[in-house]
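In what follows, a single structure is set out as structure tokens and then discussed.
In what follows, chains carry the letters A, B, and so on, assigned in the order in which the sequence lines appear, proteins first and then strands, with residues in each chain numbered from 1.
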2 protein chains.
Amino acid sequence: MSSSSCLIKKLSHYVELSQHDRDLLQDLEKSSTAVSAGTHLREGGQAYDDLFVLSEGWLYSFTILPDGRRQVLQVFVPGDIVGIYDTPFAHATHDLAAATDAVVCPFPKDGLDPIFSESPALTGLMFTFALIDQAVFLDRLRALGRMDAVTRVGHFLFTVISRLRLTDHDTENGHYFPLTQSDVADATGLTNVSVSKAASVLREKGFAKWSNRRLTILDETRLVEFASFINRYENIDISWFPQPGRLHLGRS
Amino acid sequence: MSSSSCLIKKLSHYVELSQHDRDLLQDLEKSSTAVSAGTHLREGGQAYDDLFVLSEGWLYSFTILPDGRRQVLQVFVPGDIVGIYDTPFAHATHDLAAATDAVVCPFPKDGLDPIFSESPALTGLMFTFALIDQAVFLDRLRALGRMDAVTRVGHFLFTVISRLRLTDHDTENGHYFPLTQSDVADATGLTNVSVSKAASVLREKGFAKWSNRRLTILDETRLVEFASFINRYENIDISWFPQPGRLHLGRS
DNA sequence: CGCCTGGTTGACACGTATCAATAATTGTGG
DNA sequence: CCACAATTATTGATACGTGTCAACCAGGCG
């Protein structure tokens, strides 16, 4: 069942993919490897070999500072392609670790070539998601620069949820959310203690409930307002998008 | 003289451009408009029309928070293409203002089409610079999340200098650096007061001298170490790069 | 059942914000 | 070219939010 691939689900969010597009994507997930929680998958500054599709579980990229503290940069959830943003660099830009047990599908650096050469639609989608991610990073930069602890945590939780919704429909019970409070602290530039206190405030205010690896947004409207959150996955302009016979990244 | 274009200088940094490539780039700067310091060029959330090449002067993108404070997100210097990262969005993602008097060269959204369809080299370069910028944003995220005031300011100053060096060769007198301490404060998530104090520390330590709109790096080795700065413009892997007859983003 | 990881809570320390007064620099009009 | 105004930078006193440290609690797994 190709519809079980989270990558295909994610990329189907904005446009209807052709069967050929689906086949191309399916090819990326031909081989798979299981990794257990805590595995250090890649080290920043070192050579890296394959990219991979994250098929199950969560990963995160991070760096360690000279004093040993950690900054979490990006959280990867099923359907994400990991390592694609390192392509122009000679070495991996960041460390990478598994937040949970996970299944990854490695493919060589040039594994994307068929996609670029055969599918304008997928090429455009890759480009689009890269720029969406960039906007999300800038929103997080804003949050770290100018927001207080409670707002930062609220903003970050929503950032992750908005990404999850591409592949995972919201349920009454909220989402599976396996990050620890220390993980969130390292993503938001806080400490586990502050995150704990921020989480209680969010609960008291009725914005969100987060416990036992489950996160539920209780009052989305007010939380979005509170954290001045912008969902960068919405309001995507499809009109510039490569149509069959238009923009095309391929071999000449 | 096409060699006077900062955009061409910037893009020539990694590969030798053909005359055709230079012509394509030159076309982007056909028309130009002067804007004066402080002009608010674009508002986040509003529709935007043209992209432009920044030909002279400095701009910055920013957002205003609900309490009125400002977060500066990106600094644009001559040679940068402004607005290219908004292409997939229906509205401008951020506000944009002129830090100095500037000259911008507007072109319509589809003005890049000839570049994508006719020059694999330029297409690859655009992609490369987008991912370099992304790495720089993540390094700044790390700095805002986990570094103290002095380190943050040192890191940010170096971030801008490393970009300037693509078009501007270092001189004994350092670089023209027109940002105010309030601008740097809003970029680093600090206040003008903290930036002032951080600047004195950097001067005392002999790392950098910054006054009267000039910035000079005095001890680069030690400053890079101190701020754990990584120059993302270095160590670019050209090998994957579109060769004539290889990877090609064009009209089929 | 008991260990181990993760979460909660409170007391105190520390770095940066805030406020305010002054100095230096840049820009402007006579 | 000078004089004045406006902007920008410096410096010090105090306030406040988050870090740090530490003790305790809860849940999951062997």
Side-chain angles (χ1 to χ4, degrees), chain A residues 36-38 58 60 65 67-72 97-101 143-157 176-204 208-215, chain B residues 36-39 57-58 60 65 67-72 97-101 143-157 176-204 208-215:
Chain A
S36 54
W58 291 32
Y60 56 88
L65 280 93
D67 62 5
R69 288 182 308 163
R70 183 178 70 155
Q71 176 66 44
V72 167
T100 67
D101 289 346
L144 294 214
R146 289 293 184 222
M147 288 178 177
D148 67 19
V150 180
T151 324
R152 254 141 97 168
V153 172
H155 186 275
F156 176 75
L157 295 179
Y176 170 65
F177 189 90
L179 302 183
T180 67
Q181 293 191 341
S182 293
D183 293 334
V184 173
D186 288 340
T188 51
L190 299 164
T191 59
N192 58 336
V193 178
S194 290
V195 170
S196 175
K197 287 168 181 166
S200 341
V201 174
L202 292 173
R203 199 180 316 115
E204 282 161 25
K209 192 181 65 177
W210 171 27
S211 60
N212 298 4
R213 305 193 151 204
R214 283 212 90 73
L215 171 61
Chain B
S36 54
T39 307
W58 291 32
Y60 57 87
L65 280 93
D67 63 5
R69 288 183 306 164
R70 183 178 70 155
Q71 176 67 43
V72 167
T100 67
D101 290 345
L144 294 214
R146 289 292 183 222
M147 288 178 177
D148 68 18
V150 180
T151 325
R152 253 143 95 168
V153 172
H155 186 274
F156 176 75
L157 295 179
Y176 169 64
F177 190 90
L179 301 182
T180 66
Q181 293 191 344
S182 292
D183 294 334
V184 172
D186 288 340
T188 51
L190 299 165
T191 59
N192 58 336
V193 177
S194 290
V195 170
S196 175
K197 286 168 181 165
S200 343
V201 174
L202 291 173
R203 198 179 317 117
E204 282 162 24
K209 193 180 65 175
W210 171 28
S211 59
N212 301 8
R213 306 192 153 202
R214 282 211 92 72
L215 172 61

For this session: Calculate the interatomic distance between B:D101 atom CG and C:dG27 atom C1'; express it in whole Å.
Result: 12 Å
Seminar exercise, completed: Here the distance between atom C1' of C:dT16 and atom CG of A:L144, to the nearest Å, is 16 Å
Exercise. How is A:D148 classified with respect to the nucleic acid when contacts are heavy atoms under 4.0 Å: base, sugar-phosphate, or nothing?
Worked result: sugar-phosphate
For this session: Write down the atom of A:A198, the atom of A:A149, and the distance for their closest heavy-atom approach.
Result: CB-O, 4.1 Å
Seminar exercise, completed: Closest heavy-atom pair, B:T100 versus B:G57, reported as atoms and distance to 0.1 Å, is OG1-CA, 3.3 Å
Problem set entry | Whether B:T188 side chain and B:V184 backbone form a donor-acceptor pair below 3.5 Å | yes
Problem set entry | Side chain to side chain, A:F156 and A:V195, heavy atoms closer than 4.5 Å | no
Exercise. Roughly, in whole Å, what's the span from CD in A:E204 to C1' in C:dT8?
Worked result: 12 Å
For this session: Respond yes when some side-chain nitrogen or oxygen of B:R213 is under 4.0 Å from OP1 or OP2 of C:dA24, and no when none is.
Result: no
Problem set entry | Gap between atoms CG and C1', on B:L179 and D:dA9 respectively (whole Å) | 15 Å
Problem set entry | Side-chain N,O (A:Q181) to OP1/OP2 (C:dT8) below 4.0 Å | yes
Problem set entry | Whole angstrom value for the distance that separates C1' of C:dT5 from CG of A:D183 | 12 Å
Problem set entry | Backbone of B:R69 reached by a side-chain donor or acceptor of B:D67 within 3.5 Å | yes
For this session: Can you pull out how bent the helix from C:dC1-D:dG30 to C:dG30-D:dC1 is, comparing the axes over its first five and last five pairs, to 10°?
Result: 50°
Exercise. Do B:R152 side-chain atoms and B:M147 backbone N/O form a donor-acceptor pair below 3.5 Å?
Worked result: yes
Which atom pairs link the protein and nucleotides 17-23 of chain C when you take only N or O atoms and keep those under 3.5 Å?
unit_1	atom_1	unit_2	atom_2	d
C:dA17	OP1	B:T191	N	3.3
C:dA17	OP2	B:T191	N	3.4
C:dA17	OP2	B:T191	OG1	2.9
C:dA17	OP2	B:S194	OG	2.2

Exercise. Does a salt bridge link A:D186 with B:R146, judged by any charged N lying under 4.0 Å from a carboxylate O?
Worked result: yes
For this session: Grab the CG-P distance between A:N212 and D:dC29 for me, whole Å please.
Result: 11 Å
Exercise. Does B:R214 put a side-chain nitrogen or oxygen below 4.0 Å from OP1 or OP2 of C:dT25?
Worked result: no
For this session: Ignoring backbone atoms, establish whether A:S196 has a side-chain N or O less than 4.0 Å from OP1 or OP2 of C:dG7.
Result: no
Seminar exercise, completed: From CH2 of A:W210 across to C1' of C:dT8 the rounded distance in Å is 13 Å
Exercise. So which heavy atom on A:Y176 is nearest to which on A:W58, and how close?
Worked result: O-CZ2, 3.5 Å
For this session: Write down the atom of B:W210, the atom of B:Q181, and the distance for their closest heavy-atom approach.
Result: CH2-CG, 3.8 Å
